[in-house]
Number of protein chains: 2
Amino acid sequence: MRSSTKTAKTEKRPRGRPRAYEPETALRQAAEAFWKTGYSGTSLDDISAATGMNRPSLRAAFGDKHDIYVKALNDYWERKFELMHKAFASGGSLAETLMKVYDAALSIYFSGDDQVLGCFVVGTAITEAPGDPQIQKLAADGFRKLDADFEARFKLARSAGELNADADPKALALLASATMHSLAVRARSGSSKTELRKLAQKAVSVMCE
Amino acid sequence: MRSSTKTAKTEKRPRGRPRAYEPETALRQAAEAFWKTGYSGTSLDDISAATGMNRPSLRAAFGDKHDIYVKALNDYWERKFELMHKAFASGGSLAETLMKVYDAALSIYFSGDDQVLGCFVVGTAITEAPGDPQIQKLAADGFRKLDADFEARFKLARSAGELNADADPKALALLASATMHSLAVRARSGSSKTELRKLAQKAVSVMCE
DNA sequence: CTGTTTTTGTACTTGATCGCATAAAAAACT
DNA sequence: AGTTTTTTATGCGATCAAGTACAAAAACAG
């Protein structure tokens, strides 16, 4: 049974009492708690309940409340960009690609078990941003990265003849990002997924002429 | 001196000890506190400090924390729409009008004394929305109203020949609202006013062809 | 089986938050 | 001047939040 490599369960236990919870899933559960009620609206007891870990274990594993939140925020961006990059790289026309990106985002925004939670960043980080430079920077960096991804795709479309030669990739990218922000805000304010898909389609049809 | 009508200071005092603070300005100051740190991140003591009123007076004047917030939210929408309607009604070309609307919004988003606070709704109400139907509805209603205002303006532009006959006013209105949401989100995440004005101009130029 | 190591679980301390009860103050009415 | 009315101001008590100390548990090593 000595399987050696990989992260198998038989990986030679570290030494002391084994962890009762996987750090990765616990962080996701903590993120979901923040996602529902925001940074300030979520107590460590809430996170403790969401993860099943007690406070001392939380602290040992992730640090204090702020540390947990920042880790959750980084993890969220990572997962979201992974999904979106898959959509960007999936081939197809400009319009098809854009819709795939928005569908990827909507699949996250509507992934809550009981409630619709929209975008984690827009729904929770934006509130803290003015008073928390670290969170503000993490939010802004993600937005800029998405801007750049959209712009690259529009440039590609222009050189491929999918767009007029006089189209402005930067302007279109900002509109594409704006559409994403709008989906994020509206999902959290109660719009349905089908309504937002239609919104995205209308936006795409304008952007692709 | 018996001036009769109007809200003059000589309006015949109500009876008991006079109020030390004007309810209107106190509500604005309370709103600013919420605006900075969000609903959950703001305590009644914070509001007390911001208004100069003590907690019992706050409660007597506005109700509990939730009541204060809802009043502040309603007041915010009212002020914002007043400014925007002025922009909508100011005449000028479609592009000029849209830029006036965005400038009106930016003047609010950047009105903070020391910090940039963005949009009150996007920055604070959106966080609470999933768990608070009343706040969610207030946010959604405002968004829909803005959608309708934009759509009316695009329809007007189309019938005036400012837009192609095959332009879709609803689609353009959603993009115009999306641009507004993007300004709101980005202001709070650290973008400068000049950067956002440029963003708005690029968006306008695409929407007006 | 005994000791070591690491994590879990409980409980305590300190401080923040909220609502309310009660006293003091400021004005008009009589 | 005294009474009534309305607001301001102080302070108490209960609850919640966050951090931490300490004991119990669960594994391995010898």
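Throughout, a chain's letter reflects where its sequence line sits, starting with A, and its residues are numbered from 1.
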Asks: Surrounding CD of Q115(B) (heavy atoms of other residues, nucleotides or ligands, distance under 6.0 Å), is the total greater than 12?
Replies: yes
Asks: Would you find more than 12 non-hydrogen atoms of other residues, nucleotides or ligands less than 6.0 Å from K71(B) atom NZ?
Replies: yes
Asks: In whole angstrom, what separates Y39(A)'s OH from dA18(D)'s C1'?
Replies: 11 Å
Asks: With respect to the phosphate group of dT8(D), does any side-chain polar atom (N or O) of N54(B) fall under 4.0 Å of OP1 or OP2?
Replies: no
Asks: Could you work out, with salt bridge (charged side-chain N to carboxylate O under 4.0 Å, His left out) as the rule, every residue matching R197(B), not counting sequence neighbours?
Replies: D103(B)
Asks: With sugar-phosphate meaning primed atoms plus P, OP1 and OP2, does R59(B) contact a base, only sugar-phosphate, or nothing at under 4.0 Å between heavy atoms?
Replies: sugar-phosphate
Asks: Which nucleotides of nucleotides 21-30 of chain C have their base under 4.0 Å from a protein heavy atom (B), which only their sugar-phosphate (S), and which neither (-), written as one string 5' to 3'?
Replies: B---BBBBS-
Asks: With sequence neighbours left out, what residues match K193(B) under salt bridge (charged side-chain N to carboxylate O under 4.0 Å, His left out)?
Replies: none
Asks: Please report, rounded to the nearest Å, how far the C1' atom of dA26(D) is from the OH atom of Y21(A).
Replies: 14 Å
Asks: Would you jot down, in residue-number order, the residues of residues 41-53 of chain B having a non-hydrogen atom under 4.0 Å from DNA chain C?
Replies: S43(B), L44(B)
Asks: By side-chain contact (heavy atoms from CB on, under 4.5 Å), which residues pair with R79(A), not counting sequence neighbours?
Replies: R28(A), D75(A)
Asks: Could you check how far NZ of K65(B) sits from P of dA16(C), rounded to whole Å?
Replies: 15 Å
Asks: Under 6.0 Å between the ring centres of F120(B) and Y69(B)?
Replies: yes
Asks: Given atom CZ of F62(B) and atom C1' of dG19(C), what is their separation to the nearest angstrom?
Replies: 18 Å
Asks: Could you check whether the rings of F150(A) and Y102(A) sit parallel, tilted or perpendicular, using 30° and 60° as the cut-offs?
Replies: tilted
Asks: With sequence neighbours left out, write down each residue that passes side-chain contact (heavy atoms from CB on, under 4.5 Å) with A167(B), or none if nothing qualifies.
Replies: L163(B), L172(B)
Asks: Where the side chain of R55(A) is concerned, which of dT8(C), dT8(D), dA11(C) is the nearest nucleotide?
Replies: dA11(C)
Asks: Walk me through it: do Y39(A) and H66(A) pass the test side-chain contact (heavy atoms from CB on, under 4.5 Å)?
Replies: CA-CA 8 Å; Y39(A) 177 75; H66(A) 195 265; 3.5 Å; yes
Asks: Taking OP1 and OP2 of dT7(C), is either one under 4.0 Å from a side-chain nitrogen or oxygen of S57(A)?
Replies: no
